[in-house]
Amino acid sequence: FDMMLGFVGLAGVGKSSVELVKLSVCKGRVSRARSYNAAVSYKSRLLTSVSVTTPRMAADLSDSKNGQYDYDLFVIGAGSGGVRASRIAAGYGAKVAVTEERYLGGTCVNVGCVPKKLFVYGSHYGHVVEESRNFGWDVETPKLNWNRLIENKNKEIERLNGVYRNIMQNANVEIINGRGELVDEHTVKVGSKQYTADKILIAVGSWPNMPKVQGIEHAISSNEFFFLPELPKRTLIVGGGYIAVEFAGLLNGFGSKVTLVQRGENILRGFDNDVRSFISSQMTAQGINFQFGVTLSKIDKVQTDKEEHYQVELTDGSSVDVDCVICATGRVPKTAGLGLDKAGVKVGSKGEIMVNEFSQTNVPNVFAVGDVTNRMNLTPVALAEGHCFADTEFGGKQRSLDYENIPTAVFAQPAIGTCGLTQEEAEEKYGKENIVIYKSDFRPLKQTIAMGTERTFLKLIVEKSSDRVVGCHIVEPSAGEIIQLVGVAMKAGATKADFDSTIGVHPTAAEELVTMRTPST
């Protein structure tokens with residue numbers, strides 16, 4: 001979201017007096033310029049000398065009636081990727097419309113990254129007060145007002161919805177309320193109306209996947225969590241991915257008694273194994289109860305004179321009584337009912353839209369970005385995919401996203417920052433004998449007085465022959481901030497020697513990244 005705000009001023013990009021009259025040729029077919037109702041057609045500013053490294057399919061624009069459509073671009077979904085693509089395309093002069101059936105900003109702004117991070121912030125204050133006593137502060141034990149938190153969160157989300165609306169309106173993007181459904185490769189139906197477009201972009205994101213067990217109607221997903229009327233005293237979280245881990249940490253911080261059940265042997269499958277072991281031990285020390293090798297079997301609602309709660313039966317035959325069951329058991333592309341079959345768009349086994357490196361489907365004028373493609377499901381990635389799409393299709397700058405060395409964070413407690421390969425991936429790619437591992441696990445300075453259980457972990461993975469850092473993993477409260485700049489260094493091809501020659505900032509946890517000299521055994 002911060003990245004998006006940084007580009008607000010680009011809505012007018014490309015208003016040059018230069019008129020290009022050449023035709024652009026792709027894969028042997030001429031894409032003919034057309035006149036639309038946009039103030040200045042993007043087609044008149046197409047660059048004709050783009051260096052093409054990977055051939056793209058050319059949409060057959062000549063098959064439409066009179067060669068004209070209602071819009072140059074019609075976007076289904078006003079989440080991160082859809083908004084970015086529509087705004088950039090409009091900045092190039094395209095006539096653009098976006099349809100959205102729920103809320104502007106998509107999952108991230110409304111029921112994902114933004115409210116999650118606000119709740120993470122809020123969950124810290126209780127233990128910060130406890131820690132402050134050892135630093136000399138005499139503070140009364142704080143009392144949580146959950147309703148006030150929800151109200152303030154809602155106000156901020158409403159503000160951001162307005163920001164998204166203004167961004168699109170200022171870029172002359174038309175906003176159409178409702179669910180978009182493909183009628184054919186150039187037509188989208190919204191309600192009772194149909195709209196035609198030269199190009200269609202699908203950016204509808206993903207949706208929580210709920211287990212199919214008896215009583216699942218009593219459970220909630222991450223969508224509903226942010227609107228709970230009160231903080232549950234006892235919470236069962238089902239799943240072991242980053243959403244489950246983040247929710248477990250923040251709920252525990254707010255004072256809920258948390259049990260997390262995961263059918264695997266550990267949390268965060270796909271992350272570096274050292275990181276997985278370290279964060280699970282940290283969360284256990286904070287009082288979170290993990291039960292591995294089991295999952296949800298049945299949920300029964302229990303009503304007594306004093307309270308209402310849920311009795312949850314697990315697959316090992318045991319049961320647990322809780323006040324709230326949250327299923328964080330993955331997300332699936334939200335493609336059901338989109339009419340993809342009517343347009344002939346191919347989907348994968350999980351319902352994801354299949355695309356090439358330019359986010360183009362098998363139907364040449366239909367594209368898709370973000371979680372609906374199930375590539376790398378991160379908000380900044382969806383933003384970048386949307387931007388690359390708009391540059392390529394409307395700006396004459398053929399761009400595709402490089403998915404290597406994308407930094408990301410899990411806002412667990414403490415947070416996780418990771419970029420590049422895990423040790424397991426590096427060993428598979430280069431061979432165990434061709435990588436060097438550097439690790440540091442220590443008690444941070446703050447905890448020498450705070451006397452908490454929190455520890456810090458850092459790990460670098462280096463490829464021997466080039467000395468290049470191919471993986472970095474951090475578990476530390478500021479890991480998200482640190483890994484962003486590590487990502488810049490790794491994208492630039494930084495070597496271990498580059499890290500070693502950098503002077504550390506003292507006293508910080510991050511200085512360990514430039515002072516680790518002895519390989520781990």
Side-chain angles (χ1 to χ4, degrees), residues 113 116-117 120-121 123-124 127-128 131 237 240-253 258 260 262 264-288 290 292 378 405-426 437-448 450-462 469-487 489-490 499 504-505 507-516 518-520:
C113 325
K116 179 270 304 292
K117 190 70 179 291
V120 169
Y121 285 140
S123 69
H124 288 168
H127 70 258
V128 165
E131 291 176 342
I237 297 177
Y242 72 93
I243 295 175
V245 168
E246 291 173 336
F247 277 31
L250 67 87
L251 279 164
N252 181 70
V258 177
L260 186 151
Q262 158 69 348
E265 78 287 350
N266 205 344
I267 54 176
L268 296 175
R269 181 169 59 88
F271 284 73
D272 187 272
N273 281 340
D274 282 337
V275 170
R276 300 172 71 193
S277 297
F278 186 86
I279 192 63
S280 62
S281 66
Q282 285 285 281
M283 294 173 71
T284 298
Q286 294 167 11
I288 295 171
F290 288 104
F292 295 117
L378 299 169
N405 291 332
I406 292 178
T408 188
V410 179
F411 293 100
Q413 302 192 30
I416 301 168
T418 180
C419 185
L421 304 176
T422 66
Q423 181 175 340
E424 296 72 37
E425 290 169 339
I437 307 296
Y438 298 86
K439 293 191 288 190
S440 182
D441 172 354
F442 59 92
R443 186 185 195 186
L445 179 62
K446 177 184 176 182
Q447 296 302 328
T448 62
M451 302 301 289
T453 60
E454 188 175 280
R455 296 184 64 82
T456 293
F457 175 79
L458 300 100
K459 180 175 183 178
L460 289 177
I461 303 168
V462 179
V469 176
V470 296
C472 179
H473 308 278
I474 305 168
V475 185
E476 203 273 338
S478 298
E481 308 295 338
I482 299 170
I483 203 65
Q484 177 66 82
L485 290 181
V486 171
M490 291 179 62
F499 275 68
V505 179
T508 64
E511 69 179 307
E512 286 289 312
L513 292 173
V514 299
T515 59
M516 290 188 286
T518 306
S520 65

Pair Asn273, Glu424: side-chain N/O donor-acceptor within cut-off below 3.5 Å: yes
Are more than 12 heavy atoms, taken from residues, nucleotides or ligands other than Arg443, located less than 6.0 Å from that residue's CZ atom? yes
Are there more than 12 heavy atoms of other residues, nucleotides or ligands under 6.0 Å from atom OH of Tyr121? no
Quick one: pull up [atom1] in [X] and [atom2] in [Y] and give me the separation to the nearest 0.5 Å.
| X | Y | atom1 | atom2 | value |
| --- | --- | --- | --- | --- |
| Phe247 | Ser123 | CZ | OG | 11.5 Å |
| Thr408 | Gln484 | OG1 | CD | 10.0 Å |
| Cys113 | Leu378 | SG | CG | 8.5 Å |
| Ile437 | His473 | CD1 | NE2 | 8.0 Å |
| Gln286 | His127 | CD | NE2 | 7.5 Å |
| Leu250 | His124 | CG | NE2 | 9.0 Å |

Counting C-beta onward and ignoring hydrogens, is there a side-chain heavy-atom pair between [X] and [Y] closer than 4.5 Å?
| X | Y | answer |
| --- | --- | --- |
| Glu454 | Pro477 | yes |
| Asp274 | Asp441 | no |
| Ile237 | Leu251 | yes |
| Phe457 | Lys439 | yes |

So which heavy atom on [X] is nearest to which on [Y], and how close?
| X | Y | result |
| --- | --- | --- |
| Ala409 | Gly480 | CB-CA, 3.9 Å |
| Arg276 | Ile267 | NE-O, 2.7 Å |
| Leu460 | Cys472 | CD2-SG, 3.8 Å |
| Gln413 | Val120 | NE2-CG1, 4.2 Å |
| Arg455 | Pro414 | O-CG, 4.3 Å |
| Met283 | Ala248 | CE-CB, 3.8 Å |

Go through Ile416 and Val275 one step at a time and tell me if the side-chain contact (heavy atoms from CB on, under 4.5 Å) criterion holds. CA-CA 8 Å; Ile416 301 168; Val275 170; 3.8 Å; yes
Apply the test side-chain contact (heavy atoms from CB on, under 4.5 Å) to residues Thr422 and Phe271: give CA-CA distance (whole Å), side-chain angles for both, the deciding distance (0.1 Å), then the verdict. CA-CA 7 Å; Thr422 66; Phe271 284 73; 5.5 Å; no
Please step through side-chain contact (heavy atoms from CB on, under 4.5 Å) for the pair Phe442 and Leu458, ending with a clear verdict. CA-CA 9 Å; Phe442 59 92; Leu458 300 100; 3.5 Å; yes
Main-chain N/O of Thr508 paired with Glu511 side-chain donor or acceptor, under 3.5 Å: yes
For the side chain of Glu246 and the backbone of Phe411, is there at least one donor-acceptor N/O pair under 3.5 Å apart? yes
Does Lys446 come within less than 4.0 Å of Glu131, counting only side-chain N to carboxylate O? yes
Are Glu425 and Ile461 close enough, and set up right, to give a side-chain contact (heavy atoms from CB on, under 4.5 Å), and what steps lead you there? CA-CA 10 Å; Glu425 290 169 339; Ile461 303 168; over 6 Å; no
